> 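Before I ask anything, here is the structure I am working with.
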Amino acid sequence: MDASAPQPRAADLLAWYDRHRRVLPWRALPGERADPYRVWVSEIMLQQTTIAAVKPYFERFMARFPTVEALAAAPSESVMQAWAGLGYYSRARNLHACAKAVADQHGGRFPDTEEGLRALPGIGAYTSGAVAAIAFDRPAVAVDGNVERVITRLFAIEDEMPSAKPLIRERVLALLAHDRPGDFAQALMDLGATICTPRSPACGLCPWREPCRARIEGTQESFPRKAVKKTGKTRYGAAFVAMREDGAVLVRTRPAKGLLGGMVEVPGSDWRSDYELADALRDQPVAARWRRLMLPVRHVFTHFPLELTVFAGRVPLEMQAPEGMRFTPFNRLKEEAFPNVFLKALEAGLEELQRP
DNA sequence: TAATCGTGGAG
DNA sequence: TCTCCAAGATT
């Protein structure tokens, strides 16, 4: 052990935070009280999602659903549409369920303890701690990817993720600034996001550069330790863009659970690694003279890549939508809760139909 | 414990 | 082009 290395102190982190804290739409200014509703919505949106991607969604969401009561009273289609494009759609379903629980069972006020928050849908170990600390200034720890990186470097924790999680929590709890728990939680995340970055961390600017074991040993970028994860096999499928003579397009809503659950799609086949394109017409939603697009739509999900072959066709005005499907007027397509993969397919299909 | 679950940007 | 990964939760 190197006896000359000092122990990390929360006070040094907070002093850095007071000078360098980021200004964010959901974050209260110094001295202001945080709004639990805004904090909660932001924390759900920020799960596995970058700040840059969240910002426009957050602003639109707040304008559309200003309070937890407004969100609870909204139809689910409206909530899913507001979330469309942001990904991980179970978050939106759980968010809506959580708003209803808060409105109906908690009088419109969020529980102000980690345990109370943890019992709500979509709120797990991280988010319960984050909301408790940030919105209610409770002495709770919020361990996200930033904190995992900062702490594993600070103490040179060799255990692979996610096995190291209990030890990380323990270390954060020992460091916690009990006089400023909310600021401490946000400071730890700001440090990870701006200084203690995954690659090329700015150790020279870090308030914890002296006590950091990894920096002392020169192994910063090797933390946190984690196993390499392998990507799944490519899946293939067909999607059909059927446009009626008046411009309306055939769509349907996906089942509530599973991949892209509760979102809207253009009809298509299952997605399988052994899908045979030669049999694609078996999967057509309605009979039509389909034009097959030469360039497939490529899309990458977390656990597998997808290649979607798009078929585009015109159908007569009197065509009835099959059971479970509907025609959406062209000028209302933008109001449908399409995930990006189906926006890509739709765009490709519509472009094809414009050609002579 | 290990899968599942989106998307876009950075290097 | 490819890999990583971003304020994770659920099953």
Side-chain angles (χ1 to χ4, degrees), chain A residues 22 24-27 34 38-58 80 83-95 97-98 117-135 140-150 160-163 165-166 168 172 182 184-194 196-201 221-222 224 226-232 235 254-263 265 271 297-306 337-344:
Chain A
R22 292 176 292 176
L24 299 168
W26 44 85
R27 178 177 283 182
R38 293 171 65 88
V39 171
W40 165 68
V41 171
S42 73
E43 289 300 341
I44 304 298
M45 285 188 171
L46 286 162
Q47 288 168 7
Q48 300 292 289
T49 308
T50 59
I51 285 175
V54 164
K55 273 182 179 172
Y57 278 86
F58 180 81
M80 300 312 287
W83 205 273
L86 201 52
Y88 286 137
Y89 299 101
S90 65
R91 291 185 298 174
R93 299 194 298 272
N94 287 330
L95 182 89
C98 182
L117 290 160
R118 181 71 177 80
L120 292 166
I123 298 184
Y126 162 77
T127 306
S128 56
V131 175
I134 297 170
V141 302
V143 180
D144 70 336
N146 290 307
V147 178
E148 287 174 359
R149 191 168 54 252
V150 170
E160 255 186 16
M161 297 301 301
S163 309
K165 284 194 170 203
I168 294 171
V172 175
F184 178 79
Q186 296 176 91
L188 217 37
M189 289 189 276
D190 275 20
L191 185 70
T194 63
C196 197
T197 50
R199 280 162 299 194
S200 305
E221 291 195 56
S222 70
K226 52 178 68 172
V228 290
K229 49 178 170 255
K230 43 202 170 286
T231 60
R235 299 182 199 179
R254 293 173 64 88
K257 293 188 175 182
L259 186 67
L260 307 176
M263 304 299 286
E265 65 178 357
W271 301 340
V297 165
R298 297 175 194 280
H299 193 77
V300 181
F301 292 100
T302 305
H303 48 302
F304 67 91
L306 173 69
F338 288 115
N340 273 15
V341 59
F342 294 117
L343 281 182
K344 288 185 195 175

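Quick caveat, the model's predicted, so the values are computed rather than measured. Sequence lines set the chain letters: A, B, ... in the order given, protein chains first and strands last, and positions in each chain run from 1. Only heavy atoms go into these numbers, but all of them, side chains included; no hydrogens, no water, no symmetry mates.
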> For V300(A), report the nucleic acid contact type (base, sugar-phosphate, nothing); a contact means any heavy atom under 4.0 Å.
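The answer is base, as V300(A) lies within the cut-off (heavy atoms under 4.0 Å) of a base atom.
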> When you get a sec, tell me which of dA7(C), dG6(B), dC4(C) is the closest nucleotide to the side chain of R91(A)?
dG6(B)
> Of all the choices, dA9(C), dA6(C), dG6(B), which nucleotide is nearest to the side chain of A125(A) once you look at every atom?
dA9(C)
> Choosing from dC5(C), dC5(B), dC4(C), which nucleotide comes nearest the side chain of T302(A)?
dC5(B)
> Scan G261(A) against the nucleic acid and name what it touches under 4.0 Å (heavy atoms): base, sugar-phosphate only, or nothing.
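Here G261(A) touches no strand at all.
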> Using a 4.0 Å heavy-atom cut-off, does P162(A) contact any base of the nucleic acid, only the sugar-phosphate backbone, or nothing at all?
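Since no nucleic acid heavy atom lies under 4.0 Å of P162(A), the category is nothing.
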> Side chains of I44(A) and Y88(A): does their closest heavy-atom pair fall under 4.5 Å?
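When only atoms from C-beta onward are counted, Y88(A) and I44(A) do not touch, as no gap falls below 4.5 Å.
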> Say we look at dT11(C) and dG6(B): how far apart would their P atoms be, to the nearest angstrom?
14 Å
> Tell me whether the OP1 or OP2 atom of dC5(C) has a side-chain N or O from R149(A) closer than 4.0 Å.
no
> Rounded to whole Å, how long is the line connecting atom CD of E148(A) with atom C1' of dC4(C)?
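Computing the E148(A):CD to dC4(C):C1' distance gives 15 Å.
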> Of the listed nucleotides (dG11(B), dA7(C), dT7(B)), which one gets closest to any side-chain atom of L46(A)?
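Selected nucleotide: dA7(C).
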> Would you say E43(A) and W26(A) make side-chain contact, with heavy atoms under 4.5 Å?
no
> For the C1' atoms, the ones on dT1(B) and on dT10(C), what distance do you get once it is rounded to whole angstrom?
13 Å
> With the side chain counted from C-beta on, respond yes when V341(A) and K344(A) share a heavy-atom pair under 4.5 Å apart, and no when they do not.
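Side chain of V341(A) against side chain of K344(A), heavy atoms only: no contact under 4.5 Å found.
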> Would you mind reading off the distance between K229(A) atom NZ and dA2(B) atom C1', rounded to a whole angstrom?
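Going from NZ in K229(A) over to C1' in dA2(B) covers 13 Å.
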> Could you say whether A193(A) or L120(A) is positioned toward the 5' end of DNA chain C, judged by the nucleotide with the nearest heavy atom to each?
A193(A)
> Tell me whether the OP1 or OP2 atom of dG8(C) has a side-chain N or O from Q48(A) closer than 4.0 Å.
yes
> For dT7(B), does OP1 or OP2 lie under 4.0 Å from any side-chain N or O of H299(A)?
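Answer yes for this pair, as a side-chain N or O of H299(A) is under 4.0 Å from OP1 or OP2.
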> Is a donor-acceptor contact shorter than 3.5 angstrom present between the side chain of Y88(A) and the base of dG6(B)?
yes
> For the side chain of R118(A), counting heavy atoms from C-beta on, which of dT10(C), dG6(B), dG8(C) is nearest?
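When the side chain of R118(A) is considered, dT10(C) is the closest of dT10(C), dG6(B), dG8(C).
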> Hey, are the side chains of K55(A) and L24(A) touching, using non-hydrogen atoms and a 4.5 Å cut-off?
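Yes. Closest side-chain heavy atoms under 4.5 Å.
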> Atom CH2 of W271(A) and atom C1' of dG6(B): how far apart are they, to the nearest Å?
11 Å
> Is the distance from OP1 or OP2 of dC5(B) to the nearest side-chain N or O of H303(A) less than 4.0 Å?
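Checking dC5(B) against H303(A), a side-chain N or O does come within under 4.0 Å of OP1 or OP2.
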> Donor-acceptor pair under 3.5 Å: do we get one between S200(A)'s side chain and the base of dG11(B)?
no
> Heavy atoms only, 4.0 Å cut-off, all strands: where does W26(A) land among base, sugar-phosphate and nothing?
base
> Would you tell me if any nitrogen or oxygen in the side chain of N340(A) comes within less than 4.0 Å of OP1 or OP2 on dG6(B)?
no
> If we only count heavy atoms from C-beta on, is the W40(A) to I123(A) side-chain gap below 4.5 Å?
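Yes, side chains in contact.
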> With nearest nucleotides of DNA chain B determined for G258(A) and A52(A) from heavy-atom distances, which residue corresponds to the more 5′ nucleotide?
G258(A)
> Without decimals, in angstroms, what is the distance between M80(A) CE and dG6(B) C1'?
12 Å
> Quote, to the nearest angstrom, the C1' distance that separates dA3(B) from dA7(C).
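Approximately 22 Å lies between the C1' atom of dA3(B) and that of dA7(C).
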> Starting at the 5' end of DNA chain B and moving along, which residue's nearest nucleotide shows up first, A53(A) or K230(A)?
K230(A)
> So L188(A), base contact, sugar-phosphate only, or nothing? Heavy-atom distance under 4.0 Å.
nothing
> Let me know the distance between CD of Q47(A) and P of dG6(B), rounded to the nearest Å.
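Computing the Q47(A):CD to dG6(B):P distance gives 13 Å.
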> What's the CG-C1' distance between L24(A) and dA6(C), to the nearest Å?
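From L24(A) CG to dA6(C) C1': 14 Å.
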> Where the side chain of N94(A) is concerned, which of dA7(C), dT10(C), dC5(B) is the nearest nucleotide?
dT10(C)
> T127(A) near the nucleic acid: base, sugar-phosphate alone, or nothing, with a heavy-atom cut-off under 4.0 Å?
sugar-phosphate
> Phosphate oxygens OP1/OP2 of dT7(B): is one of them under 4.0 Å from a side-chain N or O of T49(A)?
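No, no such contact exists.
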> So, R91(A) versus Q47(A): side-chain donor-acceptor pair below 3.5 Å or not?
no
> Side-chain contact test, heavy atoms from C-beta onward, threshold under 4.5 Å: evaluate it for R27(A) versus R38(A) and give yes or no.
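In short, these two side chains do not touch, never coming nearer than 4.5 Å.
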> Applying a 4.0 Å non-hydrogen cut-off, can you work out what I44(A) is touching in the nucleic acid: base, sugar-phosphate, or nothing?
nothing
> Please tell me if the side chains of F342(A) and R254(A) come closer than 4.5 Å, counting only heavy atoms from C-beta onward.
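When only atoms from C-beta onward are counted, R254(A) and F342(A) do touch, with a gap below 4.5 Å.
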> For the pair made of CD in E221(A) and C1' in dG11(B), what is the distance, rounded to whole Å?
11 Å
> Rounded to the nearest angstrom, tell me the gap between atom OH in Y126(A) and atom P in dT10(C).
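About 14 Å, once rounded to whole Å.
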